[in-house]
Amino acid sequence: MFDHVISELKNLFSAGEISGTEARLRFVTLPQNQAVKAVKYLNEKQGYRHLVLLTAVDYIEQGQFQLTYLLHNPENRTDIGVRVLIDRENATMESAHTLWPTIATYQRELREMFGIQFPGSPGVDDDFILEGWRGLPPYRRDFDTKAFAESFFPQREGRGTNDPAAFMKEKLYPNE
Amino acid sequence: MNKQGVFSLEGDRSKYPQPGADGKPEIDLSSHKYMKMWQGPNHPGITGNMSVELTVCADEVVEAKTHVGYLHRGFEKLMERRKYIQNFPLVCRIAVPEPDYNELNYATAIEKLTGIEVPEKGLWLRTLVAEMARLQGYLMWLGGMAGAVGFGTVGQWSNYLRDLILDRFEELTGARIYHIYILPGGVRNDLPEGFADRMEANLKEIEGFMKDINRVLFNNYVYKKRTVGIGYIDPAWIYPYGIVGPNARAAGSKNDVRKDSPYVKYPELDFGVNTATDSDIYTRSVLRYNELLTDVDLIRQILSKMPKEGDFIAKLPNMMNLTIPAGETYVRSECTRGEYGYYMVSDGSGYPRRVNVRGPSYTHAVALLEKMLVNANIADVAQIMVSLHTYPPEIER
Amino acid sequence: MGTTKDILSPFLVWKQFFRKPVTIKEPLKRQGADRYRGFHINDIQECIGCGTCESICENQAIDLVAVAGIDTKSGDSGLRPKVDYGRCCWCALCVDVCTTGSLKLTNVFTWVDTDPDQFRYIPGVDAKPWDNATKGYKKAASLELYPLERIPMQHLHPEERHDSFIEIIKGFSKEEALREADRCVACGICTATCPAHMGIPEYIKAIREDNVEEGLRIMYETNPLPEICGRICTHKCETVCSVGHRGDPLSIRWLKRYLADQVPASAYASVLKSDSIEKNNRKVAIIGAGPAGLSAAYYLGMMGYQITVFEKLSAAGGMMRFGIPEYRLPYDQIDKDINYILSLGVEIKYGVSVGKDITLEQLEKEYDAVFAATGLHDGRSTRIPGTNHSGVYQSIELLRKITLGEPIEVAEKIVVIGGGNVAMDITRSLARMQRQKYGKVQLIATSLETEDIMPADREEVVEAREEGAIIYPGWGPREIIVENDRIKGLKVVQCLSVFDEQKRFSPKFDESNENFFEADMVVESIGQGANLSYIPASYFEQLEKDHRGRVLVDTLTFQTKLPWLFMGGDIIEGPDVIHGIANGHKAAKGIDQYLNANREEKQ
């Protein structure tokens, strides 16, 4: 089902790793400078017209963001996830708003939540969900939600718990 | 192309500044020709905690901008620091009126990545709660839709009917709203004794009311005046704007995840895809009404076809220690608003690397709504919005 | 559109006007559904405070708190969950995961109070109106968030093993070990019960993460004989395992064995970082190379002490080698653990009997401290008539001879007296030898205790039967009948009870119910005693003793009243391997403390 389209992606856009074991879903890694071209090709030439989602995964250990463009083909009911690994420092990606106007929303959210720039995307710099937020983009892995919550919200007095093993040592064999 | 309604005026674009490079008109507020108006976040005509910033010229909308963020709790991020099993109380809160689709998608994503298999009865029970969720979701929407045109009575009725379904949810799952019923490998409990009979009584009552609602709402001169020809969605927008579900089906699309990418027990159920072509508020509302009746029928089918005996949950590995091999998947299902999807990425640890929730409202309430509201009459904003059936929490997650 | 019908149609629903209202009036007396998830209840007698509820709670709504009147004891942390309803979302995952099934939710959902702090309480301790509610959410029987069934251990079938001494238990494969380790809920209740307080959840986690080297390191922190313990430990930990409350406890012992089996002996030094020990010049003598002595030798060796172990027999291991048959604990596995201890520079002098070949006074002079762990090697006799016959043997002597390869008498019909693990060891050893010699087994093992209270491990009894031995529990030996200087058999009477109400040993018999077991040979296996004759009387007088004459030591350091003399192992506590190991470890720390304090004094 995917043989043709994947070989085309390999020929035309030097597609890298292919993964996915489900019958109707494949993920394809593409180089950053080929990705939007490939997505356009899939949309216009291969029938992958439905943009399911665009999102990012933070691989902080490798210093990379993975962008995933998930496209759906309404004719043969298959999905292709186009993966693009981009540099985490000064993360910038080409905007795809000319293909789907609605992708501007996704790009706006990614700019806000991950700090990924999409130059030229309409309204991309407008606040979306986090009005007035000026800190670290919160969906990055290095943003610690627990530390934020603990410093931002008052903690309830009188809470305290015990680890069973440590408590039993304390009670039953404190000096061993 | 657009249909002309009696009170709906097709705006004359030439009166307003031409759109700039970013597609938005350049509006000079100091000209006093325009006014900013906020619909929401507290407004009876808004669907939940969301607001639309309207720029109006007289009673015509020149520009609309959706504002979300009133509900943001960072669910996707919170999931990354919880074990897979611990996220079940969390995911159900992403779409409050239909928590089951979150549970279903999240559990299915885990099952796909781990290979846990759901027993037959578990699949049937999942189908049941999925349809019950759709039914009560449509009932809730019906109240909202009638309310948006000022017909609160229908809202009272449909909320009462929704409560009946919530009663069934309560006895099946132990909770009315946040069911937390679906777990990886199946569901948490079997049907209680006599459930099918009580459900049948409820379905009969719903059908009875639906006849009246059909008479009082859809065959109502006033309702028609306020909805026919208004809020038109061009079929050409479906893919550019990511339109799914009833909004797309009312514009001629036949997309229905239950048919296109079947999940749980839908292949064994007999139902058709409701479609229409007129694509205005009225068409969408009648289409949802028909979907509602289809759901009633489906629940009957499910209860009669479901095996009485059998395991409803698989033998699970220790969920406290569950690690998922590195990989990614996408799971979709058809909720009341259309395709509801979960994209899950695992890095081999006991915690998800990333979960992304793709709610239909994400496209409907932002890009599409902003487009549809331009040139609309202020009085129609509420209907247009409600006719898209949006849930703000799934936008901001 | 806009037809007359559309104007008239809405009026058709006037009948709704006559409907009965569906709203519920205040106060809401509505009951929650039968499985509604309302407020918590907890059976605090059932609850063991394992904290699994706390660890699954994504809202951190549960704290484990100490409760007055509930004591911390083996198998019960004494803690109980306290729920904060400011955070609880009533998901009931705590109920699903509860190891004992004590925690439930009621269907009560209304609770009004003006003080927010009221909404924090300990279910089952703080009285609430819903404490006796019977309805509410309970875990469905088929829903388990962790597997309750053990991964079965592969072992030799009776016919594959009943005539040889090859090891019965095959050990877990990696796949089996991972699945068994997966069952652990990591509550840590077991650690307190283990005499050595091993980091059990930690090394099980290492198995799950397939990090066997880390697992080995964790084990050696508290137990330097994992191959041995992984086979024959009495696994008291498993008796308190929280998963065992509703299912099978974790196979902790087999998991330990799995870990030790995975690391080859050659890798130990680098894994355990013993290749860089800083030696000091202080010397410690250890009497007895059993588990306690070896354990002390290991930990003292790791601290840099120069260790000399004096062992009476020709090989190290003590009871582990000379008491436990090879089919349970193969000699090469004993050697693996012991050789690693020897690789630290520990010296063992074999065939040296303290008190005979060298005196305790000499050790006192030549060494900075002495640790005596000589164990229980003298078999006790029932002292019934006939026991002085040459065909009556002590099990412990026979087992020692079997290990040493010395010939022993194997009669055609044998009776073993005793119901402990040693009795089962000799029963099963002799059964094998009978089968080798005669091709059949005619062996009866009889014990005072009835089957339900027999001290032997259950599987020992089962396997002994599988191998052809007949186990007759509940009989008290009365006389060994000897005719013409040949043993004819054992006369027994029915034993009604073994202990009195104060749990003291005080057997009661029904003399009218007699039985006779035919035999040519009788083996007594009713326990072993210590032989402390190597301690000169002048020293022995100075030691503190209890009313039964057992030597008392400091429970933390195992130091006796003679500051240089430390004692441990079966002569002090047990008898079993894991207590010996724990004693040795504590004594090592005690000796280190003592010698460091001494040196500071001298300086």
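Proteins come first, then strands; the chains are lettered A, B, ... in the order of their sequence lines, and each starts at number 1. Values below: every heavy atom of this structure, side chains too, minus hydrogens, waters and symmetry copies. Keep in mind that what you see is a predicted model, and the values were worked out from it rather than measured.
- Heavy-atom distances place the side chain of Leu78(B), and not its backbone, under 4.5 Å from chain A.
- Open room surrounds CD on Glu131(A); 12 or fewer heavy atoms of other groups in view lie less than 6.0 Å from it.
- Within 6.0 Å of NZ in Lys45(A) there are 12 or fewer heavy atoms belonging to other residues, nucleotides or ligands.
- Atom OH of Tyr241(B) is separated from atom OG1 of Thr102(A) by 8.0 Å, given to the nearest 0.5 angstrom.
- Of the two parts of Pro360(B), neither the backbone nor the side chain holds a non-hydrogen atom closer than 4.5 Å to a non-hydrogen atom of chain A.
- Rounding to the nearest 0.5 Å gives a distance of 11.0 Å between CG of Asn43(A) and OH of Tyr239(B).
- For chain B, no part of Asp127(A) is nearby; none of its heavy atoms comes within less than 4.5 Å.
- Interface remark: Ser253(B) contributes no atoms to any contact with chain A (heavy atom separation under 4.5 Å).
- A donor-acceptor pair under 3.5 Å links the side-chain atoms of Arg358(B) to the main chain of Val52(A), judged by distance alone.
- Applying the 6.0 Å contact sphere to NZ of Lys77(B) captures more than 12 heavy atoms from other residues, nucleotides or ligands.
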Problem set entry | Stepwise side-chain contact (heavy atoms from CB on, under 4.5 Å) test for Asp126(A) and Lys65(B) | CA-CA 11 Å; Asp126(A) 296 352; Lys65(B) 200 174 164 190; 3.4 Å; yes

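- Listed for the Tyr70(B) side chain is no donor-acceptor partner under 3.5 Å among the backbone atoms of Ile129(A).
- Using a 4.5 Å cut-off between heavy atoms, Lys112(B) contacts chain A through its side chain alone, with no backbone atom that close.
- A distance of 12.0 Å separates CD in Glu22(A) from OH in Tyr330(B), rounded to the nearest 0.5 Å.
- Atom CG of Asn73(A) is separated from atom CG of Asp260(B) by 11.0 Å, given to the nearest 0.5 angstrom.
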Problem set entry | Worked verdict on Arg397(B) versus Met113(A) for side-chain contact (heavy atoms from CB on, under 4.5 Å) | CA-CA 12 Å; Arg397(B) 306 175 312 278; Met113(A) 289 297 183; over 6 Å; no

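- Residue contact with chain A, scored on non-hydrogen atoms closer than 4.5 Å, involves the side chain of Val366(B) exclusively.
- Nearest heavy atoms, Asn356(B) versus Leu53(A): OD1-CD2, 3.6 Å.
- The part of Leu70(A) that comes within reach of chain B is its side chain, from C-beta onward, which places non-hydrogen atoms under 4.5 angstrom from that chain.
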Exercise. After noting the C-alpha distance and the side-chain angles of Glu328(B) and Arg83(A), does the key distance pass the side-chain contact (heavy atoms from CB on, under 4.5 Å) rule?
Worked result: CA-CA 11 Å; Glu328(B) 52 200 303; Arg83(A) 286 184 298 221; 2.6 Å; yes

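- Taking Asn255(B), Leu368(B), Thr66(B) one by one and counting their heavy-atom pairs under 4.5 Å with chain A, the maximum is reached by Asn255(B).
- Side-chain atoms of His50(A) and Glu339(B) include a donor-acceptor pair closer than 3.5 Å.
- With a threshold of 4.5 angstrom between heavy atoms, Ala56(A) approaches chain B through N, CA, C or O but not through any side-chain atom.
- When all heavy atoms of Pro240(B) and Pro101(A) are compared, the closest pair comes out as O-CD, 3.2 Å.
- Salt-bridge formation is detected for the pair Glu61(A)/Arg353(B): a Lys NZ or Arg NE/NH1/NH2 atom is positioned less than 4.0 Å from an Asp or Glu carboxylate oxygen.
- Side chain to side chain, Thr68(A) and Tyr343(B) meet the donor-acceptor criterion of an N or O pair below 3.5 Å.
- Between Asp79(A) and Arg332(B) there is a salt bridge, since at least one side-chain N of the basic residue sits less than 4.0 Å from a carboxylate O of the acidic one.
- Residues of residues 24-33 of chain A that come closer than 4.5 Å to chain B, counting heavy atoms only, are Leu25(A), Phe27(A), ordered by residue number.
- For a heavy-atom cut-off of 4.5 Å, chain B lies close to Pro138(A), Tyr139(A), Arg140(A), Arg141(A), Phe143(A), Thr145(A), Lys146(A) in residues 136-166 of chain A.
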